[in-house]
Amino acid sequence: MQQYLDKLSQELRLRNYSHRTIESYQTCLKYYFYFLERNGSKIERLDQDLLRKFLLEKQSKGASSQTINLYLHAIKTFYKEILKSNEVIDLHFAKKSKRLPVVLSHEEITKIIDMTINPKHKMMIALAYGAGLRVSEVISLKIKDIDLEGLTIHLKDAKGKKDRITVFPEKLKYPIQNLIAGKDLNSLVFESDRGGGLTDRTAQAIFSQVLKKAGIKKEATFHSLRHSFATHLLENGTDIRYIQELLGHQNIRTTQIYTKVTNPSIRNIKSPL
């Protein structure tokens with residue numbers, strides 16, 4: 001089993017997959033391999049009925065459509081690229097949920113920032129919202145990536161291994177200067193108190209604590225800050241093509257989801273009650 005996981009890791013690294021994606025694929029395959037072992041089937045033998053049973057089992061245990069698709073993609077990659085199988089896996093990806101993103105209002109964003117006592121955490125949350133950053137981009141952001149004069153952030157090797165430029169909020173210019181004063185340009189902007197970088201889990205935990213403290217009942221996550229950034233830009237009249245560029249979306253349809261969140265026509269309709 002381990003030799004196959006190692007081969008997969010090597011192959012994906014050569015293809016410039018992110019560390020997180022490689023870990024996710026390996027985790028998916030571990031579960032799949034254990035399942036095959038329980039069912040007395042060898043890894044090398046592609047049994048599509050067993051594969052279907054495996055995915056249905058995951059679905060019955062509450063796995064989302066996105067997770068099911070991840071399992072299927074990892075397994076397809078394994079048989080095609082590692083075992084060099086020519087057999088076509090006749091299974092289609094699960095239909096993705098069309099849930100709208102959770103968006104926080106301007107007032108809720110302000111309340112969250114004001115309720116964050118730790119200056120570093122306050123800056124992290126404010127910048128994630130003000131620049132539309134993913135949590136992974138926030139925790140890996142380096143001082144040299146920020147242009148305080150041009151008020152831009154150069155995100156390197158972002159999702160999809162693509163660079164992009166996004167805005168830096170002028171309001172945070174001096175607080176950030178104080179936070180990074182005396183540090184090396186290659187240092188992380190938001191370092192852990194014990195040295196090194198923060199983890200995704202830590203950033204999410206910080207946000208969840210402040211959300212609870214602020215008394216906001218929405219099922220928001222750290223990523224809701226990015227959703228709110230896009231929605232508020234759209235409400236302010238920013239062209240959706242610019243928003244697409246700032247967010248780093250490859251397809252405009254991904255960005256268009258925010259037009260459903262901030263549809264002015266619906267907001268102008270009054271209930272008959």
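Residues take their numbers from the sequence shown, with the count starting at 1.
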Among side-chain atoms of Glu37 and Tyr32, is any donor-acceptor pair under 3.5 angstrom?
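Per modelled atom types, Glu37 and Tyr32 side chains form no pair under 3.5 Å.
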Who pairs with Glu11 by salt bridge (charged side-chain N to carboxylate O under 4.0 Å, His left out), at least two apart in sequence or on another chain?
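Glu11: salt bridge (charged side-chain N to carboxylate O under 4.0 Å, His left out) contacts with Arg15.
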Are Lys218 and Glu108 close enough for a salt bridge, meaning some N to O gap below 4.0 Å?
yes
With salt bridge (Lys or Arg N to Asp or Glu O under 4.0 Å) as the test, would you mind laying out the steps for Asp49 and Arg52 before giving the verdict?
CA-CA 5 Å; Asp49 289 333; Arg52 186 177 285 102; 3.4 Å; yes
Evaluate side chain to side chain donor-acceptor pair (under 3.5 Å) for Thr21 paired with Ser24, printing each intermediate quantity in order.
CA-CA 5 Å; Thr21 301; Ser24 297; over 6 Å; no
Do other residues, nucleotides or ligands put more than 12 heavy atoms under 6.0 Å from Glu219 CD?
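Counting neighbours around CD of Glu219, 12 or fewer heavy atoms of other residues, nucleotides or ligands fall under 6.0 Å, so no.
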Those residues that, when tested against Asp239, pass salt bridge (charged side-chain N to carboxylate O under 4.0 Å, His left out) (two or more places apart)
none
For Asp90 versus Gln48, what's the shortest heavy-atom pair and its separation?
N-OE1, 2.9 Å
Show the atom names and distances, to 0.1 Å, of all donor-acceptor pairs under 3.5 Å that link a side chain in residues 196-211 to residues at least two apart or in another chain.
residue : atom : partner : partner atom : Å
Thr199  : OG1  : Thr202  : N            : 3.1
Thr199  : OG1  : Thr202  : OG1          : 2.8
Asp200  : OD1  : Arg20   : NH2          : 3.4
Asp200  : OD2  : Arg20   : NH2          : 2.3
Gln204  : OE1  : Phe222  : N            : 3.1
Ser208  : OG   : Gln204  : O            : 3.0

Taking NE2 in His73 as the centre, count heavy atoms belonging to other residues, nucleotides or ligands within less than 6.0 Å. Is the count above 12?
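Atom NE2 in His73 is not packed in, count stays at 12 or less.
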Looking at Leu247 and Arg226, what are the two nearest heavy atoms and their distance?
O-NH2, 2.7 Å
Under the 6.0 Å and 45° cation-pi test, does Lys120 pair with Phe190?
no
Please table the atom pairs, donor to acceptor, closer than 3.5 Å between any side-chain atom in residues 165-185 and protein atoms at least two apart or in another chain.
residue : atom : partner : partner atom : Å
Thr166  : OG1  : Ala131  : O            : 3.0
Asn178  : ND2  : Tyr174  : O            : 3.4
Asp184  : OD2  : Asn186  : N            : 2.8

Under a 4.0 Å N-O cut-off, is there an ion pair linking Glu137 with Arg164?
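Salt bridge between Glu137 and Arg164, a charged N being under 4.0 Å from a carboxylate O: yes.
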Considering only residues two or more places apart or on different chains, which pairs with a residue in residues 231-253 satisfy ring-ring contact (aromatic ring centres under 6.0 Å, His included)?
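Listed by first then second residue: His106-His232, Tyr129-His232.
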I'd like to check the salt bridge (charged side-chain N to carboxylate O under 4.0 Å, His left out) partners of Arg241; sequence neighbours left out, ordered by chain and number.
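Salt bridge (charged side-chain N to carboxylate O under 4.0 Å, His left out) check on Arg241 returns nothing, list empty.
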Going through the distances and angles, do Asp163 and His154 end up as a side chain to side chain donor-acceptor pair (under 3.5 Å)?
CA-CA 7 Å; Asp163 286 15; His154 183 178; 3.2 Å; yes
Please report the closest heavy-atom contact between Val138 and Ala128, naming both atoms and the distance.
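Where Val138 meets Ala128 most closely, the heavy atoms are CG2-CB, 3.8 Å.
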Should Lys111 and Asp114 count as an ion pair when the cut-off is N to O under 4.0 Å?
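Salt bridge between Lys111 and Asp114, a charged N being under 4.0 Å from a carboxylate O: no.
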